[in-house]
Amino acid sequence: MSSSTEPSSTSRPVRILLVDDHPMILAGLADTIANEADLRVVGELDDGAPVLEAYERLRPDLTIMDIAMPGLDGLQALEALRARHAQARVIMLTTLRGDHQMRRALELGAAGFLMKHTLRKDLIAAIRAVHAGRRWVPDDVARTLVEHLGQPNLSEREMDVLRSAAAGNGNKQIGVRLGIAEDTVKAHIRTILGKLGANDRTHAVAIALKRGIISL
C-alpha cells in the first residue's frame, strides 16, 4: 500500500470534490478533511451526473467519488470526466463487492481506491499520496484484483444476456428482448460460462453478482 506523506508547508490547501449518494458518508468525509489545515472541501455532490460541470466550475485538485450510485454511477462519471480532463485525479470509494468495477475504474484512469470501512483510518494518507502523484490501492483491493488477473472480460452483449438470464428469462425470451436469434443466445451463454469458469447459467449469475459484473 502507498504510504502517507507529510502535508506541504507551502501554497494553498488541496481542493477536494466529494461525490457520494449517502449523506452520512459525505458528512464523514467532510468532517475528517476539515480537521486538516492543508486540505479543503470545495464541493459535495450526491450523484455522478453533475460531476463534469462541478469539476470545470470548481477545478478541484482531487475528486473522491463512490463507484456505485443510483443515478449516474461513479464509473460513468469517471469516464466522462477523464475524457475531458485526462489530468483529473480521482479516488474511488468502494465496499469491495467484486473485482469487475475496480478493474474498470483502473482502466478509466482512477488514481486509487478507498474502502468505506477504513475511511477514517486511510482517508488523509490516501488524499496526500494521490495528490503527490502516486496511486493508493489498499491490500484488500489488490488481492481481489490479483485473484482474477488475466481473466477475460464479458462483452457488453454478453452482460446483456447474463442480466436477462439473471432476471429469470429463458433463451427464447432473452432473444426476443435483445433482438437476436435463440441460437445466438445459446452461443453467448456458452462463451459466458467459459469466461467465468461457471458450470451452468445459475452458477454464472452467482459469479457475476459476486464479482460486481452485474447487479439485480
Side-chain angles (χ1 to χ4, degrees), residues 19-25 45-51 65-83 90-110 112-118 137-138 140-216:
V19 189
D20 196 292
D21 61 307
H22 292 92
M24 289 183 64
I25 296 290
L45 303 172
D46 61 5
D47 182 65
V51 164
M65 180 159 56
D66 193 8
I67 283 184
M69 290 183 286
L72 189 74
D73 69 34
L75 292 178
Q76 294 169 304
L78 174 64
E79 184 172 19
L81 177 58
R82 293 274 301 177
V90 183
I91 298 176
M92 306 302 293
L93 297 174
T94 179
T95 55
L96 196 64
R97 285 170 39 203
D99 68 296
H100 176 75
Q101 292 176 323
M102 291 181 292
R103 287 172 65 184
R104 183 60 181 148
L106 287 175
E107 291 170 357
L108 293 172
F113 301 92
L114 274 167
M115 305 293 294
K116 287 194 174 183
H117 67 270
T118 62
V137 181
D140 288 350
V141 173
R143 280 194 295 269
T144 300
L145 291 170
V146 168
E147 181 182 350
H148 300 286
L149 191 65
Q151 292 183 350
N153 292 326
L154 299 186
S155 69
E156 288 297 325
R157 175 59 84 187
E158 288 162 356
M159 286 194 286
D160 288 340
V161 169
L162 194 55
R163 289 189 194 99
S164 191
N169 296 302
N171 291 342
K172 186 173 183 178
Q173 291 172 300
I174 294 172
V176 171
R177 286 172 177 269
L178 299 181
I180 56 179
E182 186 175 354
D183 284 345
T184 302
V185 174
K186 292 177 181 178
H188 282 312
I189 293 291
R190 287 193 295 270
T191 302
I192 291 166
L193 297 183
K195 286 184 175 181
L196 296 181
N199 301 321
D200 52 42
R201 68 170 63 203
T202 301
H203 189 204
V205 169
I207 291 171
L209 289 171
K210 182 179 179 181
R211 292 181 56 190
I213 296 172
I214 62 171
S215 59
L216 295 179

Undergrad: Taking only residues two or more places apart in sequence, or in another chain, which ones meet Arg201 in a salt bridge (charged side-chain N to carboxylate O under 4.0 Å, His left out)?
TA: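 Per chain and number, Arg201 pairs via salt bridge (charged side-chain N to carboxylate O under 4.0 Å, His left out) with no residue.
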
Undergrad: Hey, mind stepping through Gln101 and Asp73 against side chain to side chain contact (heavy atoms under 4.5 Å, CB included) and telling me if it holds?
TA: CA-CA 11 Å; Gln101 292 176 323; Asp73 69 34; 5.8 Å; no

Undergrad: Heavy atoms only: give me the nearest Asp47-Val51 pair and the separation to one decimal.
TA: O-CG2, 4.0 Å

Undergrad: Does Pro138 reach the side chain of Thr118, with side-chain heavy atoms less than 4.5 Å apart?
TA: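 Contact flag for Pro138/Thr118 side chains = no.
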
Undergrad: Is there a donor-acceptor pair under 3.5 Å between the side chain of Glu79 and the backbone N or O of Gln76?
TA: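 Side chain of Glu79 to backbone of Gln76: no pair is present.
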
Undergrad: Among all residues two or more places apart in sequence or in another chain, which pass the salt bridge (charged side-chain N to carboxylate O under 4.0 Å, His left out) test with Arg143?
TA: Asp140

Undergrad: Taking all non-hydrogen atoms of both residues, which atom of Ile192 and which atom of Ala204 are closest, and how far apart?
TA: CG2-CB, 4.2 Å

Undergrad: To the nearest 0.5 angstrom, please state how far the CG atom of Leu162 sits from the CD1 atom of Ile174.
TA: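 So the CG of Leu162 and the CD1 of Ile174 are separated by 8.5 Å.
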
Undergrad: Tell me the closest heavy-atom pair linking Val185 and Val161, and the distance in Å.
TA: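 Nearest heavy atoms, Val185 then Val161: CG1-CG1, 4.3 Å.
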
Undergrad: Show the nearest heavy-atom pair for residues Ser164 and Arg177, with the distance to one decimal.
TA: OG-CD, 3.6 Å

Undergrad: When rounded to the nearest 0.5 angstrom, what distance separates NE2 in His188 from CD1 in Ile180?
TA: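 Rounded to the nearest 0.5 Å, the NE2-CD1 separation comes to 4.5 Å.
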
Undergrad: For Met92 and Val141, run side chain to side chain contact (heavy atoms under 4.5 Å, CB included): C-alpha distance rounded to whole Å, both residues' side-chain angles, the deciding distance at 0.1 Å, then the answer.
TA: CA-CA 11 Å; Met92 306 302 293; Val141 173; over 6 Å; no

Undergrad: Going from NZ on Lys195 to CD1 on Ile207, what distance comes out if it is rounded to the nearest 0.5 angstrom?
TA: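 Between Lys195 NZ and Ile207 CD1, I get 14.0 Å after rounding to 0.5 Å.
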
Undergrad: Of Arg104, Arg211, Lys210, which is the lone residue that meets side-chain hydrogen bond (donor to acceptor under 3.5 Å, both in side chains) with Asp99?
TA: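 Filter result, single survivor: Arg211.
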
Undergrad: Residues two or more places apart in sequence or in another chain: which of them pass side-chain hydrogen bond (donor to acceptor under 3.5 Å, both in side chains) with Lys116?
TA: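 If we apply the side-chain hydrogen bond (donor to acceptor under 3.5 Å, both in side chains) test to Lys116, skipping adjacent residues, the hits are Asp20, Asp66.
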
Undergrad: Just how far is it from atom CG of Asp46 to atom NE2 of His22, taken to the nearest 0.5 Å?
TA: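 One finds 11.0 Å between CG of Asp46 and NE2 of His22.
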
Undergrad: Taking all atoms of both residues into account, what is the closest heavy-atom pair of Ala105 and Leu78, and its distance?
TA: O-CD2, 3.7 Å

Undergrad: Apply side-chain contact (heavy atoms from CB on, under 4.5 Å) to Lys172 and list each qualifying residue two or more places apart in sequence or on a separate chain.
TA: Glu182

Undergrad: Contact between Val90 and Met65 at the side-chain level, heavy atoms closer than 4.5 Å - yes or no?
TA: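 The answer is yes, as the side chains (C-beta and beyond) meet within the 4.5 Å cut-off.
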
Undergrad: Counting distance only, does the side-chain N/O of Thr191 pair as donor-acceptor with the main-chain N or O of Ala187 below 3.5 Å?
TA: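 Answer holds: yes.
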
Undergrad: Is there a side-chain contact between Met102 and Val137 (heavy atoms, below 4.5 Å)?
TA: no

Undergrad: With sequence neighbours left out, write down each residue that passes salt bridge (charged side-chain N to carboxylate O under 4.0 Å, His left out) with Asp160, or none if nothing qualifies.
TA: Arg163

Undergrad: Restricting to side-chain contact (heavy atoms from CB on, under 4.5 Å), what partner residues turn up for Ala80, sequence neighbours left out?
TA: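 None.
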
Undergrad: Please find the pair of heavy atoms, one from Leu196 and one from Ala208, that lie closest to each other, and give the distance.
TA: CD1-CB, 4.4 Å

Undergrad: Under the side chain to side chain contact (heavy atoms under 4.5 Å, CB included) rule, what do Leu108 and Arg82 come out as? Steps first, then yes or no, please.
TA: CA-CA 7 Å; Leu108 293 172; Arg82 293 274 301 177; 5.6 Å; no

Undergrad: Can you tell me how far apart NE2 (His100) and CD1 (Ile214) are? Round to the nearest 0.5 Å.
TA: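 CD1 of Ile214 is found 10.0 Å from NE2 of His100.
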
Undergrad: When you measure from the side chain of Asn171 to the backbone of Lys186, do you find a donor-acceptor pair of N or O atoms at a distance under 3.5 Å?
TA: no

Undergrad: Give, for atom CG of Leu145 and atom CZ of Phe113, the distance between the pair rounded to the nearest 0.5 Å.
TA: 6.0 Å

